[in-house]
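All remarks here apply to the structure that follows.
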Amino acid sequence: MARLYDISTTLHGDTPPWPGDTPFSCEWPWLIANGASVNVSSLTTSPHVGTHADAPLHVRDGWPGAQELQLESFCGPALVVDVTGEDDEISLDALREAVGREVETAVRERPRLLLRTGRTIADGEFPDSWPVLTEPCARALLGFGLQLLGTDAPSVDLKESRTLDVHVMVFSGNAAILENLDLRRVKPGEYELMAFPLKLLGTDAAPVRAVLREG
């Protein structure tokens with residue numbers, strides 16, 4: 001049986017949110033220990049805490065919310081690429097070197113690209129910086145047929161970005177975005193991705209349980 005890898009960040013009170021965003025918290029309004037018939041929890045969180053799919057609404061008013069994310073984008077052949085040696089932006093040449101072959105062929109065969117940057121909140125700290133694709137690189141990937149761009153970092157754009165150009169480009173190309181993956185125990189290579197977002201009406205993002213299957 002093919003091995004499954006859970007690449008989701010565990011949600012708990014110490015999971016680092018984006019600075020200034022609403023952190024995850026869990027309360028227990030009903031407890032068996034207090035005489036209730038069941039245990040019932042109550043959650044408060046931004047949908048961007050932990051592993052999540054951004055919706056186009058995140059970057060543009062009037063664009064689709066999380067309930068309109070296409071399921072096909074989040075399930076199918078995927079490629080994990082190690083870019084831990086990159087500092088800021090990842091060019092197409094740098095990505096080609098990391099992939100070890102022509103990027104166009106790799107993306108056409110496995111149109112869901114997951115970047116292992118090593119700058120992940122799964123370590124318990126919000127990173128100061130992380131590498132992202134250059135705009136020409138992202139544009140080229142979309143031309144090759146990219147369906148999903150994922151990263152273990154908090155964003156597919158730089159931390160200081162205010163225009164979120166990679167987000168806008170990916171959404172304009174009808175592709176999807178996954179952020180805050182946990183790829184620490186996953187080797188670079190070919191996998192099958194299953195990472196369906198919750199069907200939340202009108203939200204700008206949705207939590208995801210992301211899983212990779214070998215082979």
Side-chain angles (χ1 to χ4, degrees), residues 7-9 15-21 46 48-56 58-60 78-107 110-173 175-189 191 193 195 204-205 208 210 212:
I7 57 169
S8 312
T9 301
T15 303
W18 191 279
D21 203 358
S46 162
H48 296 274
V49 180
T51 305
H52 65 277
D54 279 348
H58 183 47
V59 294
R60 287 287 188 276
L79 184 66
V80 175
V81 180
D82 190 339
V83 292
T84 54
E86 301 298 322
D87 291 327
D88 293 314
E89 294 187 310
I90 306 164
S91 67
L92 189 59
D93 286 340
L95 190 60
R96 182 181 297 113
E97 183 175 345
V99 171
R101 58 189 174 115
E102 283 301 315
V103 177
E104 180 174 0
T105 302
V107 171
R110 296 193 169 268
R112 297 160 189 85
L113 183 67
L114 309 182
L115 303 176
R116 189 173 75 174
T117 71
R119 321 289 178 83
T120 170
I121 65 165
D123 288 328
E125 300 289 338
F126 195 91
D128 293 328
S129 63
W130 50 84
V132 302
L133 301 179
T134 63
E135 290 183 52
C137 182
R139 187 178 299 110
L141 293 178
L142 291 166
F144 300 155
L146 183 74
Q147 294 183 26
L148 179 143
L149 176 61
T151 180
D152 61 354
S155 177
V156 297
D157 277 290
L158 294 172
K159 184 179 181 180
E160 61 271 17
S161 176
R162 293 296 177 266
T163 55
L164 301 179
D165 295 328
V166 176
H167 277 81
V168 172
M169 187 177 299
V170 171
F171 289 139
S172 297
I177 292 175
L178 285 177
E179 295 171 333
N180 282 334
L181 298 168
D182 184 359
L183 299 172
R184 293 175 297 174
R185 288 173 289 277
V186 176
K187 295 180 180 179
Y191 298 88
L193 173 69
D204 63 306
V208 166
L212 289 177

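- Under the 4.5 Å side-chain criterion, counting only non-hydrogen atoms from C-beta, Asp152 is not in contact with Ile7.
- Scanning both residues, Ala53 and Val208, for their nearest heavy atoms gives N-CG2, 3.7 Å.
- Note that the CG atom of Leu148 and the CG atom of Leu79 stand 12.0 Å from one another [nearest 0.5 Å].
- In this structure, the side chain of Asp157 does not engage the main chain of Val132 through any donor-acceptor pair within 3.5 Å.
- Relative ring orientation between His58 and His48 is described as tilted, the plane-to-plane angle lying within the 30° to 60° band.
- Going from atom CZ of Arg112 over to atom CG of Leu212 covers 11.5 Å, rounded to the nearest 0.5 Å.
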Could you please spell out the steps behind the side-chain hydrogen bond (donor to acceptor under 3.5 Å, both in side chains) verdict for Asp54 and His52?
CA-CA 6 Å; Asp54 279 348; His52 65 277; 3.2 Å; yes
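- Using modelled atom types, one side-chain atom of Thr51 and one backbone atom of Asn180 make a donor-acceptor pair closer than 3.5 Å.
- Taking CG of Asp123 as the start and CG of Asp182 as the end, the distance is 8.0 Å to the nearest 0.5 Å.
- Between Leu92 and Ala140 the shortest heavy-atom distance is CD2-CB, 4.0 Å.
- Looking at Ser46 and Asp21, their side chains come closer than 4.5 Å, going by heavy atoms from C-beta outward.
- Atom-to-atom distance recorded for Thr105:OG1 and Arg110:CZ is 13.5 Å, nearest 0.5 angstrom.
- When side chains are defined from C-beta on, Pro154 counts as touching Pro127, because their heavy atoms get closer than 4.5 Å.
- Arg116 has a carboxylate O that lies under 4.0 Å from a charged side-chain N of Asp82, or vice versa, which qualifies the two as a salt bridge.
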Go through it in stages, so that I can follow the logic: the residues are Thr151 and Leu114, the test is side-chain contact (heavy atoms from CB on, under 4.5 Å), and I'd like the CA-CA distance, side-chain angles, deciding distance and then a yes or no.
CA-CA 5 Å; Thr151 180; Leu114 309 182; over 6 Å; no
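- In terms of heavy atoms, Thr117 sits closest to Ala153 at OG1-CB, 3.9 Å.
- Val168 is listed as a side-chain neighbour of Arg60, based on a closest heavy-atom distance under 4.5 Å.
- Considering all non-hydrogen atoms of both residues, Val107 and Gly145 come closest at CG1-C, 4.2 Å.
- Remark: side-chain polar atoms of Thr15 are not paired, donor with acceptor, to backbone N or O of Gly50 under 3.5 angstrom.
- Annotation for Glu104: atom CD counts as buried by contact number, over 12 foreign heavy atoms lying within 6.0 Å.
- Closest heavy-atom contact between Arg162 and Lys159: NH1-O, 3.7 Å.
- Side-chain contact between Leu133 and Glu89 is absent, with no heavy atoms from C-beta onward closer than 4.5 Å.
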Does Val156 form a side-chain contact (heavy atoms from CB on, under 4.5 Å) with Val170? I'd like the steps, not just the answer.
CA-CA 10 Å; Val156 297; Val170 171; 5.6 Å; no
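- Residues Arg184 and Ala122 come closest through the heavy atom pair NH1-O, 3.2 Å.
- One distance of note links OG of Ser8 with CG of Leu181; it measures 7.5 Å at 0.5 Å rounding.
- In this structure the side chain of Val81 never reaches within 4.5 angstrom of the side chain of Pro188, judged on heavy atoms.
- You'll find the side chain of Leu113 reaches within 4.5 Å of the side chain of Leu95, heavy atoms only.
- Atoms OG and CD, on Ser155 and Glu160 in that order, are 10.0 Å from each other to the nearest 0.5 Å.
- In summary, Asp128 and Arg119 do not engage in a salt bridge, as defined by a charged side-chain N under 4.0 Å from a carboxylate O.
- Taking the side chain as every heavy atom from C-beta outward, Thr120 and Leu183 never approach each other to under 4.5 Å.
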